[in-house]
Undergrad: 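The following block contains the structure, expressed as structure tokens.
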Amino acid sequence: MADHTLLTLWDDVRSKTLDVIKGLDDVHARWAPPGLQNSCLWHAGHNYVVAEVLSSRALGATARMPNEWQRMFSWESNPAHVKSEDWPPLDVVVTALAEQHRRLREVFAELTPDKLELDDPGKPERSARHTLLIAMQDEARHTGEIMLLRKLMTKTFVVGGTSIA
């Protein structure tokens, strides 16, 4: 039986991520405030990588992501050292996020309570459920960063706002 709370949280977190990046173009998606290096594009790609790496590890599956995304978007990445021509276009990241949402939702819907309580092989001190929740919590935090960057853009130059209500 599906864990409806897990599915509801996954739907809510990912839909907010997709909503908050609506209306951005590639130029604005790559902007970072002076003194910072993480752009809206980086946060969006990071959300993809974290969800993919943590869920695949916790569930014993193979991660699916484009070449170089781990290097560009992981928690160990350094966006300041990525060449501008190496970044994927925002629409590629948005499409990947939407596809991943659908794909992982199907996987999560099939998880039994017993499977969710198995140890995460990479972090045996916590359950697979705990790792999935950590991935979703991390995404919510990074989506908040995107929201903040959008607010900064509206205060420093003209860019359309996004409602995430």
Side-chain angles (χ1 to χ4, degrees), residues 3-26 28-59 61 63-66 68-82 87-88 90-105 107-108 111 116 120 122-123 125-156 159-165:
D3 182 319
H4 294 291
T5 301
L6 186 72
L7 293 173
T8 300
L9 182 60
W10 176 236
D11 290 343
D12 188 58
V13 167
R14 183 50 58 92
S15 66
K16 281 185 170 69
T17 297
L18 291 168
D19 192 47
V20 78
I21 55 181
K22 276 184 192 166
L24 279 176
D25 58 22
D26 280 315
H28 293 98
R30 293 173 187 220
W31 176 79
L36 299 177
Q37 61 180 353
N38 294 344
S39 64
C40 293
L41 177 64
W42 182 86
H43 286 289
H46 179 76
N47 286 344
Y48 181 96
V49 168
V50 169
E52 196 65 30
V53 169
L54 293 185
S55 64
S56 65
R57 187 192 72 205
L59 303 174
R64 296 187 205 173
M65 74 180 85
E68 300 297 313
W69 278 30
Q70 178 114 10
R71 178 184 64 82
M72 277 191 270
F73 297 121
S74 80
W75 44 92
E76 297 173 346
S77 66
N78 188 338
H81 292 115
V82 177
W87 290 106
L90 180 62
D91 65 331
V92 168
V93 175
V94 169
T95 298
L97 286 165
E99 189 283 324
Q100 183 190 50
H101 177 227
R102 180 204 52 75
R103 178 174 48 84
L104 289 181
R105 190 180 203 290
V107 170
F108 297 164
L111 296 174
L116 285 167
D120 173 339
K123 292 275 187 180
E125 67 274 13
R126 63 182 185 219
S127 67
R129 177 193 311 273
H130 189 176
T131 296
L132 296 176
L133 293 174
I134 286 169
M136 292 177 206
Q137 179 188 34
D138 189 72
E139 179 159 343
R141 288 184 3 239
H142 284 279
T143 297
E145 294 287 328
I146 296 170
M147 292 169 58
L148 179 58
L149 289 170
R150 299 279 315 240
K151 286 179 183 178
L152 288 170
M153 284 183 225
T154 62
K155 299 293 183 194
T156 58
V159 65
T162 299
S163 169
I164 62 155

Undergrad: Determine whether Phe108 and Leu59 make a side-chain contact, defined as any pair of heavy atoms from C-beta on separated by less than 4.5 Å.
TA: yes
Undergrad: When you compare the side chain of Glu145 with that of Asn38, does any pair of heavy atoms fall below 4.5 Å?
TA: no
Undergrad: Looking only at non-hydrogen atoms, find the nearest pair between Leu149 and Pro33 and report the distance.
TA: CD2-CD, 3.4 Å
Undergrad: Quick one, Asp120 and His130 - any side-chain contact, counting heavy atoms below 4.5 Å?
TA: no
Undergrad: Would Ile21 and Val93 count as a side chain to side chain contact (heavy atoms under 4.5 Å, CB included) if you check the C-alpha gap in whole Å, the side-chain angles of each, and the deciding distance to 0.1 Å?
TA: CA-CA 10 Å; Ile21 55 181; Val93 175; 5.8 Å; no
Undergrad: Indicate yes or no: at least one non-hydrogen side-chain atom of Trp87 is less than 4.5 angstrom from one of Asp26.
TA: no
Undergrad: Hey, does Ser127 have a side-chain heavy atom less than 4.5 Å from the side chain of Leu116?
TA: no
Undergrad: Does this structure show an ion pair linking Asp138 with Arg141, if we count only N-O contacts that are shorter than 4.0 Å?
TA: yes
Undergrad: So, do Tyr48 and Trp69 sit near enough that their side-chain heavy atoms are less than 4.5 Å apart?
TA: yes
Undergrad: Mind telling me whether His142 and His46 have parallel, tilted or perpendicular rings, with 30° and 60° as the class edges?
TA: tilted
Undergrad: Hey, does the side chain of Thr95 reach the backbone of Val92 with a donor-acceptor pair shorter than 3.5 angstrom?
TA: no
Undergrad: So how far is it from His28 NE2 to Ser39 OG, rounded to the nearest 0.5 Å?
TA: 12.5 Å
Undergrad: Please report the shortest heavy-atom distance between Ile146 and Cys40, naming the atom on each side.
TA: CG2-SG, 3.8 Å
Undergrad: Can you name the residues that form a salt bridge (Lys or Arg N to Asp or Glu O under 4.0 Å) with Arg126, not counting sequence neighbours?
TA: none
Undergrad: So, does Ser56 use its side chain to make a donor-acceptor pair with the main chain of Val53 at under 3.5 Å?
TA: yes
Undergrad: May I have the step-by-step check of salt bridge (Lys or Arg N to Asp or Glu O under 4.0 Å) for Asp19 and Lys16, ending in yes or no?
TA: CA-CA 5 Å; Asp19 192 47; Lys16 281 185 170 69; over 6 Å; no
Undergrad: Could you check whether any side-chain N or O of Trp42 sits under 3.5 Å from a backbone N or O of Met72, counting only pairs where one atom can act as donor and the other as acceptor?
TA: yes
Undergrad: Would you say that Arg102 contacts Glu99 through its side chain, given a criterion of any heavy-atom pair below 4.5 Å between the two side chains?
TA: yes
Undergrad: Looking only at heavy atoms, which two atoms of Ser74 and Ser77 are closest? And how far apart?
TA: O-OG, 2.7 Å
Undergrad: To the closest 0.5 Å, what do you measure between CG (Leu148) and OG1 (Thr143)?
TA: 12.5 Å
Undergrad: Quick one: closest heavy-atom pair of Leu90 and Ala29, and the distance?
TA: CD2-CB, 3.8 Å
Undergrad: Can a donor-acceptor pair be found, under 3.5 Å and without considering hydrogens, that links the side chain of Gln100 to the backbone of Ala51?
TA: no
Undergrad: Starting from the C-alpha separation in whole Å, work towards a yes-or-no answer on side chain to side chain contact (heavy atoms under 4.5 Å, CB included) for Arg14 and Leu104.
TA: CA-CA 11 Å; Arg14 183 50 58 92; Leu104 289 181; 6.0 Å; no
Undergrad: Distance from Met147 atom CE to Thr17 atom OG1, nearest 0.5 Å?
TA: 10.5 Å
Undergrad: Hey, what do you get for NZ (Lys123) to OG1 (Thr131), rounding to the nearest 0.5 Å?
TA: 8.5 Å
Undergrad: Could you measure the distance from the CG atom of Leu111 to the CG atom of Leu132? Nearest 0.5 Å is fine.
TA: 7.0 Å
Undergrad: Quick one: are Val94 and Leu18 in side-chain contact, heavy atoms under 4.5 Å?
TA: yes
Undergrad: Testing the basics here: between Met136 and Val13, what is the closest heavy-atom pair and its distance to 0.1 Å?
TA: O-CG1, 3.7 Å
Undergrad: With rounding to the nearest 0.5 angstrom, report the CG to CG distance, Leu6 to Asp11.
TA: 9.5 Å
Undergrad: Has the side chain of Trp10 got a donor or acceptor atom that lies under 3.5 Å from a matching backbone atom of His101?
TA: yes
Undergrad: Are Arg64 and Glu52 close enough for a salt bridge, meaning some N to O gap below 4.0 Å?
TA: no
